[in-house]
There are 2 protein chains.
Amino acid sequence: MSNSKLYKGSLTTIILKLLNESDKMYGYEITQKVKELTKGELKITEGALYPALHKLEAEGLLEVEVKKVDNRLRKYYRLTENGEKETVNKLNELANYISTMQNLVSPKLSLE
Amino acid sequence: MSNSKLYKGSLTTIILKLLNESDKMYGYEITQKVKELTKGELKITEGALYPALHKLEAEGLLEVEVKKVDNRLRKYYRLTENGEKETVNKLNELANYISTMQNLVSPKLSLE
DNA sequence: AAATAATACATAAGAATCTTATACATAAGA
DNA sequence: TCTTATGTATAAGATTCTTATGTATTATTT
């Protein structure tokens, strides 16, 4: 995803949030969207993406619709009801993470 | 560390930053400090911490000083010169990560 | 006095997530 | 024609963490 290890664990959050905005998306589209939105900072590899999508589907957070476009296969994913709930959870977790980490690394206001 | 998977990959950054502030610390002290600073949000387990410290030492980012206090062993860690440089890198990576993720998940300002 | 919690370190098996490599297939561009 | 782009998929290996276990001393509680 990036040379930084911090992105480890973030992929699910990213997928859910993008699907929450875009209604339905297919895998390759997600990789391109992320590359575009982050101006190349973050590149989702297929080896990470597809297993993640399959897992989310298996967990009932995503549902699939297969389409053939230009004689090529596309698997469109969209959030299920549980998927929408989980999106809220994941976004809260991200906000918490950011807050906690900022608190940990920001120079403390010293009272001495 | 937490029920949230987002913390995966953050431990090194946390350790380096704490040592950057506190000059020298020992492992158990780090776990307590993190618990205190995050008000219990984040608990560093020994199974994660000690291997991480050993790895940082092996990489030459930390150096160790063993002391006996109250007949109990303490291994004080402090940043080496390279460790200080790497701390800067890690903090930049964190700032980048936060910025990128906020950009990804924040509702976009639509121009349409 | 005895049991438990706290302090202090360590490692090993397994889970989870990602990288890297490979595979297949079609369409578009050089 | 060869490479790049589009599109999905999996498998081996690396990395990081969880959970469990082990050892040892000191402090606290029962």
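Note that the structure is predicted; figures quoted are calculated from it, not measured. Residue numbers start from 1 in every chain, and the chains themselves are labelled A, B, ... in the order their sequence lines are given, proteins ahead of strands. Computed over heavy atoms, backbone and side chain alike; hydrogens, waters and symmetry mates excluded.
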query: Taking OP1 and OP2 of C:dA25, is either one under 4.0 Å from a side-chain nitrogen or oxygen of A:N71?
result: no
task: Check the side chains of B:E86 and B:N89 for a donor-acceptor pair under 3.5 angstrom, ignoring hydrogens and angles.
output: yes
- prompt: So which nucleotide does C:dA23 pair with, by the Watson-Crick or G-U wobble rule with both distances under 3.5 Å?
  reply: D:dT8
message: Please classify the nucleic acid contact of B:G47 as base, sugar-phosphate, or nothing, using heavy-atom distances under 4.0 Å.
response: base
Closest-nucleotide 5' rank along DNA chain C - winner of B:Y76 and A:D70: B:Y76
field: Separation of atom CD1 in A:I15 from atom C1' in C:dT17, rounded to whole Å
entry: 12 Å
message: With a cut-off of less than 4.0 Å, is there a side-chain N or O of B:R74 near OP1 or OP2 of C:dA8?
response: yes
- prompt: Quick one: B:K35 NZ to C:dT7 C1', roughly how many Å, whole number?
  reply: 11 Å
query: D:dT15 P sits how many Å from B:Y7 OH, rounded?
result: 25 Å
field: D:dA9 phosphate, OP1 or OP2, under 4.0 Å from A:K75 side-chain N/O
entry: yes
message: What contact category does B:S10 fall into here, base, sugar-phosphate, or nothing, at under 4.0 angstrom with non-hydrogen atoms?
response: sugar-phosphate
- line: Of A:L73 and A:K5, the one whose closest nucleotide on DNA chain D sits nearer the 5' end is A:L73
message: Under 4.0 Å, counting only non-hydrogen atoms across every strand here, what does A:E29 touch: a base, just sugar-phosphate, or nothing?
response: nothing
- prompt: So, A:Y7 versus A:E41: side-chain donor-acceptor pair below 3.5 Å or not?
  reply: yes
- line: CG of A:L79 to NZ of A:K24, rounded to nearest 0.5 Å, is 13.5 Å
message: Any side-chain N or O of A:K55 below 4.0 angstrom from OP1/OP2 of C:dT17?
response: yes
message: Can a side-chain donor-acceptor contact be found between A:R78 and A:Y76 if the only test is distance below 3.5 angstrom?
response: no
task: Ignoring backbone atoms, test whether B:Y50 places a side-chain nitrogen or oxygen under 4.0 Å from the OP1 or OP2 oxygen of C:dT11.
output: no
Euclidean distance, atom CD of residue A:E46 to atom P of D:dA5 [Å, nearest integer]: 13 Å
query: Regarding A:Y97 and B:S10, is there a side-chain donor-to-acceptor distance under 3.5 Å anywhere?
result: yes
task: Name the nucleic acid region contacted by A:T12, choosing base, sugar-phosphate or nothing; use a 4.0 angstrom heavy-atom cut-off, strictly under.
output: nothing
message: When you measure from the side-chain N and O atoms of A:Y28 to the phosphate of D:dA5, is any distance below 4.0 Å, counting only OP1 and OP2?
response: no
message: Atom CD of residue position B:E81 - does it have more than 12 heavy atoms of other residues, nucleotides or ligands inside 6.0 Å?
response: no
query: A:N3 has an atom CG; how far is it from atom P of C:dC18, in whole Å?
result: 15 Å
query: Would you say the base of D:dT26 and the side-chain of B:R72 have a donor-acceptor pair closer than 3.5 Å?
result: no
- prompt: So does A:H54 get a side-chain nitrogen or oxygen closer than 4.0 Å to the phosphate oxygens (OP1/OP2) of D:dT10?
  reply: yes
- request: Nearest whole angstrom, please: distance from the P of C:dA8 to the OH of B:Y77.
  value: 14 Å
task: Return the value, rounded to whole Å, for the distance between atom CD of B:Q32 and atom P of C:dA5.
output: 16 Å
message: Measure CE/B:M25 against P/C:dA8 and give the value in whole Å, please.
response: 12 Å
field: Any N/O donor-acceptor pair, B:K8 side-chain to C:dT17 base, under 3.5 Å
entry: no
query: Which nucleotide, D:dT6, C:dT17, D:dC17, lies nearest any side-chain atom of B:A48?
result: D:dC17
